[in-house]
Amino acid sequence: MQKIGFIGAGNMAYALASGLISNGYGKDFIKISDVNKALLSQINTQLGVEIFDNNIALASASEILILAVKPQNLAQVCQELSSNLEQKPLIISIAAGVKSIDIDRWLGGNQALVRVMPNTPALVGQGISGAFANNLVNAQQKSAATTILNAIGECVWVENENLINAVTAVSGSGPAYFFLMLEAMTKAGVDLGLEQAAAEKLSIQTALGSAVMASKSSDSPKVLREKVSSPGGTTQAAINSFQQQNFEQIVSAAMLAAFDRAKEIGDEIGDEIGK
Ligand SMILES: NC(=O)c1ccc[n+]([C@@H]2O[C@H](COP(=O)([O-])OP(=O)(O)OC[C@H]3O[C@@H](n4cnc5c(N)ncnc54)[C@H](OP(=O)(O)O)[C@@H]3O)[C@@H](O)[C@H]2O)c1
């Protein structure tokens with residue numbers, strides 16, 4: 001086991017650290033730093049991991065360093081570390097939108113670096129992360145990063161960093177698309193006469209059951225849909241209504257908007273912070 005240090009003890013770091021410990025990773029190998037001492041002592045009580053109020057001391061004690069601060073704090077954290085990374089740990093950044101080339105520059109250059117786009121279901125161990133490794137990351141480091149990301153769900157590697165913007169459009173922002181669908185289904189159920197609580201429960205459990213079915217089945221979502229849509233039946237009537245209103249085009253335009261905004265944010269952060 002390698003020593004993993006987290007800078008930033010917020011929601012994501014907690015999800016990753018607790019997931020690692022639940023998966024059998026030794027708590028003695030996990031260390032966390034933060035500017036918030038109350039939060040650190042809470043994490044120490046909850047997880048029993050070593051805490052630091054100094055990022056440089058944490059970095060010196062870590063073989064893998066996970067940058068888990070908000071994007072707007074990342075340049076400052078990297079610049080603080082830049083002249084103090086003697087052992088050159090593997091850097092894993094989970095900051096949304098911040099490009100590896102900017103992080104590498106802030107850290108002083110020549111840094112093995114993995115950039116990750118996680119999503120919120122990570123907080124309940126059901127996340128999916130998209131990850132990109134720069135060309136200084138070796139196979140052993142990539143495998144260690146996969147082990148870490150599997151602690152909060154699953155992980156998909158992309159070869160080209162621009163594809164992280166596509167990951168953002170699919171899975172990073174994706175939970176909100178499903179929440180929107182749940183809101184709409186619940187409201188429509190209420191309009192059809194159900195109690196709010198019943199409509200919400202029916203909608204949420206249907207989404208959960210369908211996702212579990214799709215993840216376990218060897219059939220594609222298209223085949224699964226066709227299997228439950230008998231010609232002339234109720235499901236087919238609903239699908240026809242969705243398709244007459246260009247459902248696929250609505251989804252595609254929404255995801256293109258997310259993709260374009262992810263690219264814009266990445267450019268803005270790189271240009272504006274820590275030049
Ligand atoms: N939450 C999600 O679902 C999600 C999804 C995708 C990506 N991400 C990414 O994951 C990263 C972490 O998100 P989060 O929700 O866990 O954030 P968070 O809860 O705000 O945690 C970040 C922690 O870092 C601390 N911090 C700020 N500056 C610091 C410094 N210089 N040194 C050490 N610690 C410092 C913050 O303290 P203060 O609060 O006092 O500033 C806070 O406790 C973000 O970059 C975000 O983009 C999160």
Side-chain angles (χ1 to χ4, degrees), residues 4-20 30-44 46-47 49-62 65-82 84-85 91-100 102-103 106-107 113-132 145 148-149 151-156 158 164-179 258-259 261-262 264-266 268-270 273-274:
I4 303 174
F6 290 87
I7 297 188
N11 296 315
M12 272 293 160
Y14 183 86
L16 278 160
S18 59
L20 282 164
I30 298 176
K31 294 141 201 313
I32 303 193
S33 71
D34 199 286
V35 286
N36 181 337
K37 290 189 182 160
L39 185 62
L40 277 181
S41 100
Q42 192 185 323
I43 287 218
N44 176 251
Q46 287 168 332
L47 300 180
V49 298
E50 192 179 359
I51 52 172
F52 291 73
D53 60 6
N54 177 321
N55 294 337
I56 294 168
L58 174 99
S60 307
S62 306
L65 202 51
I66 302 182
L67 306 177
V69 295
K70 289 272 191 254
Q72 60 269 27
N73 298 124
L74 192 58
Q76 186 226 320
V77 165
C78 292
Q79 284 158 354
E80 181 191 3
L81 294 174
S82 62
N84 295 287
L85 283 181
I91 302 285
I92 300 179
S93 165
I94 62 167
V98 191
K99 288 181 278 190
S100 66
D102 291 316
I103 302 170
W106 298 332
L107 286 168
L113 212 152
V114 169
R115 175 183 164 195
V116 179
M117 180 66 212
N119 69 359
T120 43
L123 304 177
V124 291
Q126 294 290 333
I128 177 94
S129 302
F132 165 78
I148 292 170
L149 296 177
I152 47 167
E154 298 195 37
C155 160
V156 168
V158 295
I164 289 287
N165 295 327
V167 169
T168 304
V170 179
S171 56
S173 301
Y177 314 157
F178 289 101
F179 297 143
F259 176 85
R261 186 66 193 128
E264 245 170 46
I265 292 172
E268 281 166 15
I269 291 174
I273 308 178

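As the structure is a prediction and not an experimental result, all values here were calculated from the model. Start at 1 and go down the list; that is how both ligands and their atoms are numbered. The chain is numbered in sequence order, starting from 1.
- Looking at Leu47 and Ser18, their side chains come closer than 4.5 Å, going by heavy atoms from C-beta outward.
- Screening Asp34, Val35, Val77, Ile94 against Val69 for a side-chain contact (heavy atoms from CB on, under 4.5 Å) leaves a single residue, Val77.
- Shortest contact from atom 21 (O) of ligand 1 to any protein heavy atom: Gly10 CA, 3.1 Å.
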Next item on the list: Give the intermediate values and the outcome of side-chain contact (heavy atoms from CB on, under 4.5 Å) for residues Leu65 and Leu81.
Entry: CA-CA 11 Å; Leu65 202 51; Leu81 294 174; 3.9 Å; yes
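- Distance from atom 23 (C) of ligand 1 to its nearest protein heavy atom, with residue and atom name: Asp34 OD2, 3.4 Å.
- With ligand atoms numbered from 1 in the order given, ligand 1 contributes 44 (C), 45 (O), 47 (O) to contacts under 4.0 Å with heavy atoms of Pro71.
- Leu74 has its side chain out of reach of Asp102: every pair of non-hydrogen atoms, C-beta onward, lies at least 4.5 Å apart.
- By the criterion of a heavy-atom distance under 4.0 Å, neither the backbone nor the side chain of Ala122 is placed next to ligand 1.
- Within a 6.0 Å radius of CD in Glu80, more than 12 heavy atoms belonging to other residues, nucleotides or ligands are found.
- Shown in contact with Leu39 at under 4.0 Å from a heavy atom are these atoms of ligand 1, numbered in order with element: 43 (O).
- The nearest pair of heavy atoms linking Tyr177 to Ala258 is OH-CB, 3.7 Å.
- Polar contact with ligand 1: present for Asn11 (N/O pair, distance under 3.5 Å).
- Leu58 and Phe6 get closest at one heavy-atom pair: CD2-O, 3.4 Å.
- Counting atoms of ligand 1 from 1 in the listed order, those under 4.0 Å from a heavy atom of Ala96 are 45 (O), 47 (O).
- The single protein non-hydrogen atom nearest to atom 45 (O) of ligand 1 is Val69 O, 2.6 Å, given as residue, atom name and distance.
- If you check which protein heavy atom lies closest to atom 12 (C) of ligand 1, you get Ala68 O, 3.3 Å.
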Notebook entry, point to check: Can Thr168 and Ser173 be said to form a side-chain contact (heavy atoms from CB on, under 4.5 Å), step by step?
Noted result: CA-CA 6 Å; Thr168 304; Ser173 301; 4.2 Å; yes
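- Distance check: Arg261 CZ to Glu268 CD gives 5.0 Å after rounding to the nearest 0.5 Å.
- Surrounding CD of Glu154 are at most 12 heavy atoms belonging to other residues, nucleotides or ligands under 6.0 Å away.
- Protein heavy atom at the shortest distance from atom 20 (O) of ligand 1 is Lys70 NZ, 3.3 Å.
- Among all protein heavy atoms, the one lying closest to atom 16 (O) of ligand 1 is Met12 N, 2.8 Å.
- Close contacts of ligand 1 with Thr120, meaning ligand atoms under 4.0 Å from a residue heavy atom, involve 2 (C), 3 (O).
- Backbone and side-chain nitrogen or oxygen atoms of Glu80 are examined, and none is located within less than 3.5 angstrom of a nitrogen or oxygen of ligand 1.
- The protein non-hydrogen atom at the shortest distance from atom 6 (C) of ligand 1 is Pro118 O, 3.5 Å.
- Close contacts between ligand 1 and Gly8 involve ligand atoms 23 (C), 24 (O), 34 (N) [criterion: under 4.0 Å to a heavy atom].
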Next item on the list: Might you work through the side-chain contact (heavy atoms from CB on, under 4.5 Å) test for Val167 and Val156, ending with a clear yes or no?
Entry: CA-CA 9 Å; Val167 169; Val156 168; 5.9 Å; no
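- Of all heavy-atom pairs between Leu107 and Leu113, the closest is CD1-CD1, 4.4 Å.
- Heavy atoms of Leu74 found under 4.0 angstrom from ligand 1: none, in either backbone or side chain.
- Inside a 4.0 Å radius of atom 39 (O) of ligand 1 there is not any protein heavy atom.
- In this structure, the protein non-hydrogen atom closest to atom 8 (N) of ligand 1 is Ile94 O, 3.8 Å.
- Contact annotation: for Val77 versus ligand 1, heavy atoms closer than 4.0 Å belong to the side chain alone.
- With a 4.0 Å heavy-atom cut-off, ligand 1 is reached by no atom of Leu123.
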